[in-house]
Amino acid sequence: MTATRSPTPTRHAAPSPLTLETLPRRQAAIVGAIEWARLASPEARRLRELGFDEGVAVEVLHRARLGGGPIACRIGRMTVALRRAVARAISVSPDALPAE
């Protein structure tokens, strides 16, 4: 007599949240949330002054070749450079509309 095993249920890891740091280049996205508490006060103030807030369209244009370099992104008609730690605090969701 052979014992049969029931298949083990496959557990899928929850998808990791997409941040501005991990957003693919040239992929339009919408800012979903900003973890203001992770940012220093001057950084948070700068983001607000530049127009970063929930619901704003954003797109990554360029990343420095070295892993720790800045990320250039477009918000509205502006191009801004952000440190990786700042980009990591910005959660985004891909936009269904193609980037212009």
Side-chain angles (χ1 to χ4, degrees):
M1 182 164 138
T2 59
T4 58
R5 297 172 109 186
S6 61
T8 348
T10 307
R11 294 183 186 206
H12 297 284
S16 59
L18 189 60
T19 65
L20 192 55
E21 180 188 33
T22 59
L23 182 69
R25 282 183 56 221
R26 300 289 180 186
Q27 168 70 52
I30 301 295
V31 175
I34 300 174
E35 295 181 52
W36 299 110
R38 290 179 61 179
L39 303 173
S41 180
E43 292 172 328
R45 184 176 53 250
R46 178 177 174 251
L47 285 184
R48 287 185 180 105
E49 289 171 353
L50 291 172
F52 274 91
D53 207 352
E54 288 82 4
V56 172
V58 68
E59 175 186 5
V60 172
L61 301 175
H62 180 74
R63 285 185 177 81
R65 290 188 188 253
L66 298 176
I71 296 172
C73 62
R74 177 180 295 140
I75 176 168
R77 294 169 53 188
M78 291 184 298
T79 300
V80 296
L82 300 174
R83 294 183 315 119
R84 298 257 175 173
V86 173
R88 201 174 304 128
I90 303 171
S91 299
V92 297
S93 57
D95 191 1
L97 300 174
E100 295 180 315

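Side chains are part of it too, since the values below use all heavy atoms of this structure and drop only hydrogens, waters and symmetry mates. All residue numbers in this chain count up from 1 along the given sequence.
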Student: State the CZ-CD1 distance between R48 and I34, to the nearest 0.5 angstrom.
Tutor: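 So the gap between those two atoms works out to 8.0 Å.
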
Student: Check R26 against L61 and note the closest heavy-atom contact, atom names and distance.
Tutor: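 In this case the closest contact between R26 and L61 is NH1-CD2, 3.3 Å.
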
Student: So which atom in L20 and which in V92 form the shortest heavy-atom distance, rounded to 0.1 Å?
Tutor: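 Reported closest heavy-atom pair: N-CG2, 4.2 Å.
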
Student: Atom CG in L39, atom CD1 in I90: separation rounded to 0.5 Å?
Tutor: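 The CG atom of L39 sits 7.0 Å away from the CD1 atom of I90.
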
Student: Would you give the length of the straight line joining atom CZ of R46 to atom OG of S41, rounded to the nearest 0.5 angstrom?
Tutor: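 Answer rounded to 0.5 Å: 14.0 Å.
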
Student: Closest heavy-atom contact between F52 and V80?
Tutor: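 The pair with the smallest heavy-atom distance is CE1-CG2, 3.9 Å.
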
Student: Looking at CH2 of W36 and CZ of R45, how far apart are the two atoms once the value is rounded to the nearest 0.5 Å?
Tutor: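 CZ of R45 is found 12.0 Å from CH2 of W36.
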
Student: So, do S93 and L18 sit near enough that their side-chain heavy atoms are less than 4.5 Å apart?
Tutor: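 Not touching, per the 4.5 Å side-chain cut-off.
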
Student: Quick check: do I71 and E21 have side-chain heavy atoms less than 4.5 Å from each other?
Tutor: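 In contact.
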
Student: State, to 0.1 Å, how close L82 and L47 come at their nearest heavy-atom pair, and which atoms those are.
Tutor: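 Between these two residues, the closest heavy atoms are CD2-CD2, 3.8 Å.
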
Student: About how many Å separate CZ of R74 and NE2 of H62, when rounded to the nearest 0.5 Å?
Tutor: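 If I round to the nearest 0.5 Å, the distance is 14.0 Å.
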
Student: Return the minimal non-hydrogen interatomic distance between A29 and L23, and the atom names on each side.
Tutor: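 Minimum heavy-atom separation between A29 and L23: CB-CD2, 3.8 Å.
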
Student: Within the distance-only criterion (no hydrogens, no angle test), does the side chain of R84 pair as donor or acceptor with the backbone N or O of G69 below 3.5 angstrom?
Tutor: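 Side chain of R84 to backbone of G69, a donor-acceptor pair under 3.5 Å: yes, one is there.
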
Student: Quick one: does D53's side chain get under 4.5 Å of V31's, heavy atoms only?
Tutor: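 They are not in contact (no side-chain heavy atoms under 4.5 Å apart), so the answer is no.
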
Student: Measuring from atom CZ of R88 to atom OG1 of T22, what distance do you get when rounded to the nearest 0.5 angstrom?
Tutor: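 It comes to 10.0 Å.
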
